[in-house]
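Because the structure is predicted, anything quoted here is derived from the model rather than measured.
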Amino acid sequence: MYLIVGLGNPGDAFKWTRHNVGFELIEKLAFDNNISSYKLKHKAIIYEGKISEKKVLFVKPITYMNLSGESVIQICKYYEIPIENIIIVHDEIALNVGTIKIKYGGSSGGHNGISSIINSLKTNYFLRLRIGVGSKPKDFNLSDYVLSKFLKEEHGLLLESLDKATEAIRHILIKGKDSAMNLYNKKTTEI
């Protein structure tokens, strides 16, 4: 079984903010795979389904971003999911809107949701799918920026990145992380 966790904050006020792109991808994956029912347990909204015959849990932690690890560790223990079958989807200010990157291991890069997961799992060796939300303008506070909505002119690029992320998830499940990184970490113009 695979665990795909989209990071974000619960509540309508946070919908379609930069920090919630992980939640948006989970909802897209559930919709694309005809999954409408979910469970509310382990401090998360959990959809169960399949992608290419692989059993998958699509998860949105409802702990708020900074405590995401609490939910992830509970789910991993309950469902006995190995670390190598975890994919964490999150926003990335170091990437332009419309781009994605796959990363395995490494630091949190200052992302509090990733820090929480590293602390809870006691390892940083898990797969991350980073969705670009653009770098913050000079006059913005970082937390205000990531909690802001996307600009109207960014919507098309955002939807493109969610489509790419959906394809990347499928690729990871079918062909593995190394193949997916080789394909999706190329410059956007090459994909």
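Glu70 and Ser116 get closest at one heavy-atom pair: N-OG, 4.3 Å. Across all non-hydrogen atoms, the minimal contact from Asn9 to Met65 is OD1-N, 2.8 Å. Heavy atoms only, all atoms of each residue included: Ala44 and Ile75 are closest at CB-CD1, 4.0 Å. In terms of heavy atoms, Ser52 sits closest to Ile174 at OG-CD1, 3.2 Å. Nearest heavy-atom pair, Ile26 versus Lys60, reported as atom, atom and distance to 0.1 Å: CG2-CG, 3.6 Å. Residue Leu162 comes nearest to Glu24 through the heavy atom pair CD1-CB, 4.3 Å, listed as atom of the first residue, atom of the second, then distance.
When atom types are taken as modelled, the side chain of Asn20 and the backbone of Gly8 share no donor-acceptor pair closer than 3.5 angstrom. Remark: side-chain polar atoms of Lys164 are paired, donor with acceptor, to backbone N or O of Gly98 under 3.5 angstrom. Although no hydrogens or angles enter the test, the distance criterion places no donor-acceptor pair under 3.5 Å between the side chain of Asn33 and the main chain of Ile35. In this structure, the side chain of Asn119 engages the main chain of Ser115 through a donor-acceptor pair within 3.5 Å. The closest donor-acceptor contact from the side chain of Ser120 to the backbone of Ile117 lies at 3.5 Å or more, if one exists at all. Put simply, the side chain of Ser71 never gets that close to the backbone of Pro61: no donor and acceptor are under 3.5 Å apart. Looking at Tyr47, its side chain never comes within 3.5 Å of a backbone N or O of Leu29 through a donor-acceptor pair. Checked by atom type and distance alone, the side chain of Asn124 never pairs as donor or acceptor with a backbone atom of Ile118 at under 3.5 Å.
To the nearest 0.5 Å, the span separating NE2 on His155 from CG on Leu157 amounts to 10.5 Å. Atoms NE2 and CD1, on His111 and Ile88 in that order, are 10.5 Å from each other to the nearest 0.5 Å. For the atom pair Lys15 NZ and Thr17 OG1, the distance stands at 10.0 Å (nearest 0.5 Å). Separation of atoms OG (Ser36) and CZ (Phe31) is listed at 10.5 Å; rounding is to 0.5 Å. With rounding to the nearest 0.5 angstrom, the CD1 atom of Ile93 is 11.0 Å from the CZ atom of Arg130. Here the OH atom belonging to Tyr145 is positioned 11.0 Å from the CG atom belonging to Asp139, to the nearest 0.5 angstrom.
Proximity of Ile131 to His90: side-chain heavy atoms (C-beta onward) are nowhere separated by under 4.5 Å. Between Glu154 and Arg18 the shortest side-chain heavy-atom distance falls below 4.5 Å. In this structure, Val21 and Phe150 have side chains that are in contact, with non-hydrogen atoms separated by less than 4.5 Å. Side-chain atoms of Ile4 and Leu57, non-hydrogen and from C-beta on, never get closer than 4.5 Å to each other. Glu92 has its side chain out of reach of Thr99: every pair of non-hydrogen atoms, C-beta onward, lies at least 4.5 Å apart. Leu121 has its side chain within reach of Ile83: a pair of non-hydrogen atoms, C-beta onward, lies under 4.5 Å apart. Considering only heavy atoms from C-beta on, Asn112 stays 4.5 Å or farther from Leu67 through its side chain. Taking the side chain as every heavy atom from C-beta outward, Val56 and Leu173 approach each other to under 4.5 Å.
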- request: Could you walk me through whether Ile100 and Leu129 pass the side-chain contact (heavy atoms from CB on, under 4.5 Å) test, one step at a time?
  value: CA-CA 7 Å; Ile100 66 166; Leu129 176 55; 4.0 Å; yes
- prompt: Step by step, would you call Lys101 with Tyr184 a side-chain contact (heavy atoms from CB on, under 4.5 Å)?
  reply: CA-CA 6 Å; Lys101 227 172 199 177; Tyr184 289 94; over 6 Å; no
field: Evaluation steps, side-chain contact (heavy atoms from CB on, under 4.5 Å), between Ile87 and Ile169
entry: CA-CA 8 Å; Ile87 303 168; Ile169 294 279; 3.9 Å; yes
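Crowding of Lys136 atom NZ: a count of heavy atoms from other residues, nucleotides or ligands under 6.0 Å exceeding 12. For NZ of Lys175, the number of neighbouring non-hydrogen atoms (other residues, nucleotides, ligands) closer than 6.0 Å is 12 at most. More than 12 heavy-atom neighbours from other residues, nucleotides or ligands sit within 6.0 angstrom of NZ on Lys41.
No continuous path of hydrophobic side-chain contacts links Phe126 to Val89 [ILVMFWY only; heavy atoms under 4.5 Å]. When hydrophobic clusters are built by joining Ile, Leu, Val, Met, Phe, Trp and Tyr residues whose side-chain heavy atoms come closer than 4.5 Å, directly or via intermediates, Val5 is not grouped with Phe23. One hydrophobic cluster, built from ILVMFWY side chains closer than 4.5 Å, cannot hold both Leu127 and Val72; they sit in different ones. Linking Ile, Leu, Val, Met, Phe, Trp and Tyr whenever their side-chain heavy atoms come within less than 4.5 Å puts Ile51 and Ile45 in one cluster. Hydrophobic clustering keeps Leu151 apart from Leu159 (ILVMFWY residues linked when any side-chain heavy atoms are closer than 4.5 Å, directly or through intermediates).
Between the side chains of Tyr104 and Arg128, no donor-acceptor pair is found at a separation under 3.5 Å.
Here the two rings, on Phe14 and His19, have centers that are 6.0 Å apart or farther.
Between His42 and Tyr79, the ring-plane angle classifies as perpendicular under the 30° and 60° cut-offs.
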